[in-house]
Amino acid sequence: MTSMHSSERLGSYIKRAEQALNSAKSAALKPVGLTVPQYGALLFLIENPGINAAALARLCGVTPPTMNTILTNLQDRGLIERIPHAWHKNVLETRLTEAGAVLAQEADANAVPVERALADEFTEAEIAALRGLLTRCADLLDSIRPESAPKK
């Protein structure tokens with residue numbers, strides 16, 4: 001017997017919602033040949049041209065090695081380019097190519113209906129509350145990670 005019943009574990013509900021969202025987006029993105037992490041990277045590149053892989057990994061919520069794999073796959077497909085920073089030669093700036101921008105727009109047209117369908121299930125007040133609650137969850141969990149605990 002565990003000390004906490006599964007119905008009391010908020011993480012289970014959050015994970016179920018995340019998995020359902022990822023599944024719906026995966027299905028929406030399949031026709032354009034992108035994964036959800038690749039799509040996320042392309043979206044953040046639209047908003048942050050020239051960003052480096054480490055910063056992009058933080059925005060996408062993946063590890064730097066995972067982001068490097070994502071970027072390598074996108075680069076191999078000609079969707080992004082990575083060029084050395086003008087002053088910091090060890091830092092690669094990442095930008096969408098024209099083909100990447102076109103595919104990102106096509107992918108977004110497929111994925112936005114998923115986001116809209118989700119939002120349509122809630123009132124504006126519920127959406128604001130949900131954003132606030134999820135942000136509180138993330139902030140709390142970030143603060144209690146083992147690596148952020150003081151060393152003994």
Side-chain angles (χ1 to χ4, degrees), residues 6 9-145 147-148:
S6 61
R9 296 174 188 258
L10 292 178
S12 297
Y13 295 95
I14 294 168
K15 183 66 174 177
R16 181 173 173 231
E18 178 191 28
Q19 287 174 321
L21 177 60
N22 280 336
S23 178
K25 280 192 176 179
S26 288
L29 295 169
K30 189 172 184 170
V32 297
L34 288 175
T35 65
V36 173
Q38 289 170 338
Y39 168 67
L42 293 179
L43 288 183
F44 281 116
L45 285 169
I46 290 170
E47 296 175 0
N48 303 279
I51 192 170
N52 68 50
L56 188 56
R58 284 189 294 277
L59 287 174
C60 291
V62 299
T63 64
T66 297
M67 181 51 64
N68 279 324
T69 299
I70 291 167
L71 293 177
T72 297
N73 290 334
L74 293 173
Q75 188 173 21
D76 289 348
R77 292 178 58 189
L79 302 175
I80 65 163
E81 60 183 8
R82 300 173 81 188
I83 54 173
H85 186 276
W87 303 318
H88 307 286
K89 298 298 182 196
N90 292 336
V91 174
L92 296 176
E93 292 184 348
T94 307
R95 298 181 190 282
L96 291 177
T97 62
E98 188 174 323
V102 168
L103 188 64
Q105 292 300 322
E106 188 178 337
D108 205 39
N110 290 2
V112 164
V114 173
E115 293 282 352
R116 288 211 169 106
L118 182 59
D120 287 348
E121 284 296 308
F122 301 97
T123 66
E124 288 298 321
E126 288 172 327
I127 290 169
L130 184 57
R131 284 182 183 136
L133 292 169
L134 290 171
T135 299
R136 276 177 47 199
C137 287
D139 289 347
L140 170 76
L141 294 169
D142 283 344
S143 75
I144 62 171
R145 277 192 309 229
E147 64 265 18
S148 54

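A quick note: this is a predicted structure, and the numbers were derived from the prediction, not measured. Counting begins at 1 with the first residue of the sequence.
- A distance-only check finds a donor-acceptor pair linking the side chain of Asn110 to the backbone of Ala28 [under 3.5 Å].
- Taking OG1 of Thr94 as the reference point, atom CG of Leu45 lies at 6.0 Å (rounded to 0.5 Å).
- Of all heavy-atom pairs between Ser6 and Ser12, the closest is O-OG, 4.3 Å.
- In terms of heavy-atom proximity, Gly33 sits nearest to Gln38 at O-OE1, 4.0 Å.
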Anything under 3.5 Å between a donor and an acceptor, one on a side chain of residues 46-59, the other on a protein residue two or more places apart or in another chain? List them.
{"unit_1": "Asn48", "atom_1": "ND2", "unit_2": "Phe44", "atom_2": "O", "d": "2.9"}
{"unit_1": "Asn52", "atom_1": "OD1", "unit_2": "Ala54", "atom_2": "N", "d": "3.0"}
{"unit_1": "Asn52", "atom_1": "OD1", "unit_2": "Ala55", "atom_2": "N", "d": "2.8"}

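- Here the closest heavy-atom approach between residue Thr97 and residue Gly78 is recorded as OG1-O, 2.6 Å.
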Query raised in the report: Should Asn73 and Leu79 be marked as a side-chain contact (heavy atoms from CB on, under 4.5 Å) after you check the CA-CA gap, both sets of side-chain angles, and the distance that decides it?
Result: CA-CA 9 Å; Asn73 290 334; Leu79 302 175; over 6 Å; no
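- At a threshold of 4.5 Å between non-hydrogen side-chain atoms, the residues Leu96 and Leu74 do not count as touching.
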Could you walk me through whether Glu18 and Leu21 satisfy the side-chain contact (heavy atoms from CB on, under 4.5 Å) test, starting with their C-alpha distance in whole Å, then the side-chain angles of each, then the deciding distance to 0.1 Å, before giving a yes or no?
CA-CA 5 Å; Glu18 178 191 28; Leu21 177 60; 5.8 Å; no
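- Heavy-atom minimum distance, Arg9 versus Tyr13: O-CD1, 3.4 Å.
- For the pair Ile127 and Ala119, the tightest heavy-atom approach, listed with the atom from each and the gap, is CD1-O, 3.6 Å.
- Contact detail for Glu121 and Glu126: the closest heavy-atom pair is O-OE1, 4.2 Å.
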Quiz item: Can you check side-chain contact (heavy atoms from CB on, under 4.5 Å) on Leu10 and Cys137, steps first, answer last?
Solution: CA-CA 10 Å; Leu10 292 178; Cys137 287; 5.7 Å; no
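- Between Glu106 atom CD and Asp108 atom CG the span is 11.0 Å, to the nearest 0.5 Å.
- Not counting sequence neighbours, the partners of Arg82 by the side chain to side chain donor-acceptor pair (under 3.5 Å) test are Asn68.
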